Protein chains: 2
Amino acid sequence: MKRSSIKDIARLARVSHSTVSRALSGSTLISPETAGRIRKIAEESGYRPSAAARSLVTSRTATIGVVVTSIADPFAAEVVLGIEDAANDHDYSVILANSNAQPEREVRVVRAFEERRVDGIIVTSSRVGAIYVDMLSQTQVPIVLLNNQHPSEFMHSVMIDNVAGGLDATRHLVGLGHRRIAYIGDRFGCQSDTERFGGYRSALDLAYLPFLPEYVAHGDGKPDGGAPAMESLLSLPSPPTAVFCYNDMTALGAIRAISARGLRVPADISIVGFDDLFFAQYSAPPLTTVRQPMRDMGRLALETLLQLLSGAATQPNIKVPGELIVRQSTSAPMENS
Amino acid sequence: MKRSSIKDIARLARVSHSTVSRALSGSTLISPETAGRIRKIAEESGYRPSAAARSLVTSRTATIGVVVTSIADPFAAEVVLGIEDAANDHDYSVILANSNAQPEREVRVVRAFEERRVDGIIVTSSRVGAIYVDMLSQTQVPIVLLNNQHPSEFMHSVMIDNVAGGLDATRHLVGLGHRRIAYIGDRFGCQSDTERFGGYRSALDLAYLPFLPEYVAHGDGKPDGGAPAMESLLSLPSPPTAVFCYNDMTALGAIRAISARGLRVPADISIVGFDDLFFAQYSAPPLTTVRQPMRDMGRLALETLLQLLSGAATQPNIKVPGELIVRQSTSAPMENS
DNA sequence: CTGAAAGCGCTTACAG
DNA sequence: CTGAAAGCGCTTACAG
């Protein structure tokens with residue numbers, strides 16, 4: 001059976017379909033009695049306005065497109081939760097698309113968003129930035145980047161304060177007495193990596209600790225990349241006693257590599273992560289890490305987008321502070337280290 | 001600047017907009033030269049057909065709605081990844097909605113899906129089933145339930161084989177020599193809980209082990225519910241030596257409670273989970289669990305939906321086998337147990 | 001092979 | 001306060 005349209009309601013209410021439209025949209029032009037009667041009929045017949053028809057004339061869809069590398073990435077999932085939650089509050093829907101970090105797919109995603117005339121787009125943790133810049137210049141669709149590569153002047157963004165986070169993490173290690181502190185970064189050299197590394201460097205400088213290039217290794221942001229990076233550090237003539245990792249996933253891999261060598265965390269080596277993913281508190285040992293307020297960041301991204309849509313003045317680049325969470329993966333170095 | 005429409009392309013190509021429509025949709029009616037010329041112009045001007053306008057006449061949207069309790073739940077995230085991935089293959093988009101297990105919100109979600117005229121709906125792990133039954137009867141929109149409450153005769157579903165999973169998990173413990181085996185279920189009494197419990201019972205029966213009601217406790221599917229349930233089991237005069245948990249999250253809480261008592265897993269108590277979430281391999285200790293092929297299940301749900309949409313005959317209730325993954329949270333019981 | 005016309009379900013000036 | 005009319009951007013019989 002076909003869904004009923006505004007005309008069906010009009011017929012039942014013995015008014016014109018224009019009147020129905022007005023009554024249902026809460027126009028003050030309509031007499032309260034008529035409006036009430038129409039709304040009752042619409043309710044009873046289970047009428048649902050067609051979003052497509054409405055958007056065709058209003059040229060807005062109340063839909064925003066969200067691109068994530070993978071929704072199965074816990075960081076992305078938390079961010080999307082925040083976005084969807086906030087969207088729901090404002091009667092917006094979220095169209096989700098995974099890019100899988102495949103450029104070809106990223107292009108298709110953008111096409112799909114354009115065809116669906118999303119009102120705005122949020123891109124989370126993408127390494128591809130250029131494609132969105134192009135899109136923006138062609139479509140006028142506001143875009144908000146979350147923890148993304150180089151937000152340009154055209155782009156609004158929500159970013160964690162990577163520098164301060166890296167600084168806090170590394171200072172925590174310095175404070176525990178570590179002097180040989182390594183960094184396992186992300187081999188793709190994205191902005192967050194550069195900035196977290198920057199925080200690490202600053203902390204070394206502040207403590208008058210020398211920066212040793214051999215104490216920098218690179219993973220891929222996941223455990224399987226973190227493990228070999230840690231192995232290479234362990235093979236050093238004078239291995240580090242503490243490692244600040246680009247993120248929690250990398251830290252998990254690092255811990256795995258350390259255990260594989262028969263060493264213990266934190267007794268032999270301290271580990272700090274970044275993100276504070278849900279399971280950071282359940283890892284072995286529970287992870288000291290820099291917490292990103294992921295849901296809040298998602299919500300903030302959506303609200304920024306909505307402000308952009310309403311034409312309100314917006315702070316173009318929002319920086320959110322992280323928070324060091326100390327758990328059991330860090331301790332003072334051993335005496336003889 | 002406004003997006004160009006089919007009319008703009010028609011003007012540029014000096015043809016009617018009908019011809020443009022046909023050329024772009026690959027109609028064989030159009031001469032190859034004309035079609036090529038039109039496509040080239042459309043390409044150059046960055047034309048994107050309006051999905052809304054198209055759907056208004058075709059009365060399909062190539063969109064499916066997905067309801068999850070929370071996208072931040074790792075199980076849901078993996079499932080959604082599978083759905084989105086498969087949807088992408090078939091040029092469908094996914095509208096995502098979190099219900100947060102709030103009935104009021106679940107209703108709004110359904111309304112939004114109706115207004116957007118989604119072609120079909122997938123509901124994952126919802127405790128509310130009735131609302132979707134109602135919707136189905138009103139809208140003809142096919143619905144596929146994934147690991148959901150009571151798939152009725154109107155509903156198609158993809159389910160993990162909970163009974164076999166519970167059976168395997170418990171038999172594994174029996175095989176290790178355990179005789180005092182407990183079960184921590186989900187207090188909401190959903191179908192998967194009932195079925196996993198059923199598998200547990202069968203395994204006890206097969207091993208001629210008595211079923212003891214005091215060996216059944218209830219959590220809430222999350223660590224914070226699993227921990228107190230485990231505590232109550234530990235307070236028993238003769239506590240169990242092994243526990244099969246409703247899911248990995250519950251198992252995490254159980255392990256936490258065990259550690260809090262100064263006991264060890266698996267030396268003192270063996271623990272089996274269910275799901276094999278990503279971090280099950282990184283927990284302390286790595287978790288023995290029943291793996292659900294979450295992505296495949298998501299993909300299967302989408303493909304079932306597409307078959308329903310195409311009117312093809314479909315197997316209404318698909319049961320997917322789980323797989324016992326043995327890690328380090330289980331071992332033989334201590335001698336004196 | 002191509003075009004003119006109708007229509008999908010809405011919103012919104014324009015009249016009254 | 002209400003209605004008739006136009007139009008959003010498409011697709012698709014119907015003619016030719």
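Just so it is clear, the model here is predicted, and its values are computed rather than measured. Per chain, numbering begins at 1; letters A, B, ... match sequence-line order.
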Dot-bracket encoding of pairs in DNA chain C, which uses [ ] for pseudoknotted crossings and | for another strand, Watson-Crick or G-U under 3.5 angstrom: |||.||||||||.|||

Only distances under 3.5 Å count here; give the side-chain donor-acceptor pairs of residues 4-13 of chain B to other protein atoms, sequence neighbours excluded, each with its distance to 0.1 Å.
unit_1 : atom_1 : unit_2 : atom_2 : d
B:S5   : OG     : B:K7   : N      : 3.1
B:D8   : OD1    : B:R11  : NH1    : 3.2
B:D8   : OD2    : B:S5   : N      : 2.6

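- Minimum atom distance to the side chain of B:T58 is reached by D:dT11, of the listed D:dT11, C:dA4, D:dA5.
- Rounded to the nearest 0.5 Å, atoms CD (B:Q102) and CZ (B:R108) are 9.5 Å apart.
- At least one side-chain nitrogen or oxygen of A:T34 sits closer than 4.0 Å to the OP1 or OP2 atom of D:dT2.
- Taking atom CZ of residue B:R116 and atom P of nucleotide C:dC10, one finds them 14 Å apart after rounding to whole Å.
- With distances taken from any side-chain atom of B:S21 to the nucleotides D:dT12, D:dC1, D:dG9, the minimum falls on D:dT12.
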Trace of the side chain to side chain contact (heavy atoms under 4.5 Å, CB included) decision for B:T63 with B:F113: CA-CA 10 Å; B:T63 301; B:F113 282 174; over 6 Å; no

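- Regarding A:I30, its CD1 atom lies at a distance of 13 Å from the C1' atom of C:dT11, rounded to whole Å.
- Of the listed nucleotides (C:dT2, D:dC1, D:dT12), D:dC1 has the atom at the smallest distance from the side chain of A:P32.
- With DNA chain C read from its 5' end, the first of the two nearest nucleotides for B:V15 and B:R117 is the one closest to B:V15.
- Shown here are the ring-ring contact (aromatic ring centres under 6.0 Å, His included) partners of B:F278, two or more places apart in sequence or in another chain: A:F279, B:Y282.
- A 4.5 Å side-chain heavy-atom check between A:I95 and A:V66 finds every atom pair outside the cut-off.
- Summarising the geometry, the separation between CZ on A:R54 and P on D:dC10 is reported as 20 Å, rounded to the nearest angstrom.
- Using modelled atom types, no side-chain atom of A:T314 and backbone atom of A:P316 make a donor-acceptor pair closer than 3.5 Å.
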Mind listing the N/O atom pairs, protein and nucleotides 6-8 of chain C, below 3.5 Å?
none

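- Using a 4.0 Å heavy-atom distance criterion, A:S59 is classed as making no nucleic acid contact.
- In this structure, B:R37 atom CZ and C:dT2 atom C1' are separated by 12 Å, rounded to whole Å.
- If you take CG of A:L29 and P of C:dT11, they are 14 Å apart, rounded to a whole angstrom.
- Under the side-chain hydrogen bond (donor to acceptor under 3.5 Å, both in side chains) criterion, A:S192 pairs with A:Y246, not counting sequence neighbours.
- In this structure, CZ of A:R3 is placed 12 Å from P of C:dG9, rounded to the nearest angstrom.
- Summary of the strand contacts: A:S25 and B:T28 both lie near DNA chain C, and taking for each the nucleotide with the nearest heavy atom, the more 5' one is attributed to B:T28.
- Distance, A:E33 CD to D:dC1 P: 8 Å, rounded to whole Å.
- Side-chain atoms of A:R22 lie closest to D:dA4 of the nucleotides D:dT11, D:dA4, C:dC1.
- Within 4.0 Å of A:S31, counting heavy atoms only, lie sugar-phosphate atoms of the nucleic acid but no base atom.
- Residue A:I6 contributes atom CD1, which lies 13 Å from atom P of D:dG3 at whole-angstrom precision.
- B:V144 pairs with exactly one of B:T304, B:I64, B:V123 by the side chain to side chain contact (heavy atoms under 4.5 Å, CB included) rule, that one being B:T304.
- For C:dG3, the OP1/OP2 oxygens have a side-chain nitrogen or oxygen of B:T19 closer than 4.0 Å.
- Considering only residues two or more places apart in sequence or on other chains, A:D89 meets the salt bridge (Lys or Arg N to Asp or Glu O under 4.0 Å) condition with A:R299.
- Phosphate proximity of C:dG9 to A:S50: absent, as no side-chain N or O sits under 4.0 Å from OP1 or OP2.
- No donor-acceptor distance shorter than 3.5 angstrom exists from the side chain of A:D119 to the backbone of A:R60, with no hydrogens or angles considered.
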